[in-house]
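These numbers come from the heavy atoms of this one structure, side chains and all, not from hydrogens, waters or symmetry mates.
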Amino acid sequence: QVQLVESGGGLVQAGGSLRLSCTASGRTFSTYTVAWFRQPPGKEREFVAAIRRNGGYTYYADSVQGRFTMSRDNAKTTVYLEMNNLRPEDTAIYYCAADQNTILSSIRDGARGYKNWGQGTQVTVSS
């Protein structure tokens with residue numbers, strides 16, 4: 001069990017940057033795989049990025065590769081998503097998700113890979 005709280009969303013112009021944070025409760029945070037998903041208006045939820053518990057492996061959607069960077073600070077029980085060169089198509093509600101038992105084949109699958117979710121934070125990119 002872990003509780004997740006996202007922060008850092010807001011309104012930004014195209015080309016700008018935002019840094020999202022996801023802070024978790026509990027002393028076992030370091031054992032969780034953590035991911036970011038997003039849901040654009042009128043569309044299905046999609047994978048954005050994920051990081052393994054030791055930080056040695058990260059995964060990114062092709063659409064954000066090279067622009068977004070995910071990191072974690074286990075001492076602060078927090079993960080971050082640094083978003084640069086934002087585009088209008090990045091507009092979405094961004095969710096943090098975590099699980100202790102995410103298998104490799106489910107890392108990019110929200111329903112199968114993660115059972116703990118935050119409430120989401122809105123990111124809006126204007127042109």
Side-chain angles (χ1 to χ4, degrees):
Q1 294 277 49
V2 64
Q3 293 182 331
L4 307 170
V5 179
E6 303 96 334
S7 63
L11 176 64
V12 64
Q13 291 185 321
S17 299
L18 283 174
R19 185 196 193 198
L20 304 183
S21 298
C22 174
T23 300
S25 64
R27 294 185 177 184
T28 59
F29 174 74
S30 62
T31 69
Y32 285 75
T33 297
V34 185
W36 289 96
F37 291 81
R38 68 186 183 186
Q39 186 167 17
K43 297 183 178 181
E44 298 290 331
R45 183 179 63 195
E46 64 183 30
F47 172 79
V48 177
I51 189 166
R52 284 295 197 184
R53 59 181 179 267
N54 65 358
Y57 295 91
T58 54
Y59 308 83
Y60 297 95
D62 289 344
S63 59
V64 308
Q65 182 72 49
R67 298 189 298 121
F68 293 8
T69 301
M70 190 172 181
S71 61
R72 70 189 299 163
D73 186 337
N74 288 337
K76 296 182 179 179
T77 66
T78 299
V79 299
Y80 305 95
L81 184 67
E82 297 178 353
M83 306 185 294
N84 299 313
N85 192 24
L86 284 161
R87 305 165 180 170
E89 52 263 42
D90 294 319
T91 295
I93 301 175
Y94 283 71
Y95 297 93
C96 180
D99 203 288
Q100 290 178 301
N101 302 297
T102 306
I103 61 174
L104 183 60
S105 61
S106 298
I107 284 179
R108 299 170 183 263
D109 190 318
R112 295 175 58 194
Y114 307 89
K115 62 182 179 183
N116 302 287
W117 293 80
Q119 295 299 305
T121 185
Q122 177 71 48
V123 172
T124 303
V125 184
S126 64
S127 59

Does T102 form a side chain to side chain contact (heavy atoms under 4.5 Å, CB included) with D109? I'd like the steps, not just the answer. CA-CA 9 Å; T102 306; D109 190 318; over 6 Å; no

Taking [X] for its side chain and [Y] for its backbone only, find out whether a donor-acceptor pair lies under 3.5 Å.
X    : Y    : answer
D73  : T78  : no
T91  : E89  : no
T121 : G9   : yes
D99  : K115 : yes
E6   : C96  : yes
S25  : Q3   : yes

Linking I/L/V/M/F/W/Y whenever their side-chain heavy atoms sit closer than 4.5 Å, directly or via other members, would [X] and [Y] fall into one cluster?
X   : Y    : answer
V79 : I93  : no
V64 : L86  : yes
Y57 : F47  : yes
Y59 : W117 : yes

Are V123 and L18 close enough, and set up right, to give a side chain to side chain contact (heavy atoms under 4.5 Å, CB included), and what steps lead you there? CA-CA 9 Å; V123 172; L18 283 174; 3.9 Å; yes

Looking just at side-chain N and O atoms, do [X] and [Y] make a donor-acceptor pair shorter than 3.5 Å?
X   : Y   : value
S17 : N84 : yes
R38 : Y94 : yes
N85 : R87 : no

Which heavy atom in [X] sits nearest to a heavy atom in [Y], and how many Å separate them?
X   : Y    : result
R45 : G110 : NH2-C, 3.9 Å
Y32 : R72  : O-NH1, 2.9 Å
P88 : S127 : CG-CB, 3.9 Å
V34 : A98  : CG2-CB, 4.1 Å
T77 : F29  : CA-CD2, 3.5 Å

Please test F68 against M83 for side chain to side chain contact (heavy atoms under 4.5 Å, CB included), starting from the C-alpha separation and ending with a verdict. CA-CA 4 Å; F68 293 8; M83 306 185 294; 3.5 Å; yes

Going by the angle between their ring planes, with limits at 30° and 60°, are F37 and Y114 parallel, tilted or perpendicular?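 If you compare the ring of F37 with that of Y114, the planes turn out perpendicular.
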
Are the side chains of [X] and [Y] in touch, meaning some heavy atoms are under 4.5 Å apart?
X   : Y    : result
Q13 : S126 : yes
T23 : L4   : no
W36 : C22  : yes

Geometric cation-pi criterion, R19 with Y80: 6.0 Å, 45°: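 Yes.
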
Does the ring of Y60 carry R67 above it, NZ/CZ under 6.0 angstrom from centre and within 45° of its axis?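 No, R67 does not sit over the ring of Y60.
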
Given I107 and R52, is the side chain to side chain contact (heavy atoms under 4.5 Å, CB included) satisfied, shown in steps? CA-CA 9 Å; I107 284 179; R52 284 295 197 184; 3.3 Å; yes

Between atom OG1 of T28 and atom CG of N74, what is the distance when rounded to the nearest 0.5 Å?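 It is 10.5 Å, given to the nearest 0.5 Å.
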
Within the supplied structure, the quantity of interest is the number of heavy atoms (other residues, nucleotides, ligands) at a distance under 6.0 Å from Q100 CD; does it exceed 12?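 Atom CD in Q100 is crowded, with more than 12 foreign heavy atoms closer than 6.0 Å.
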
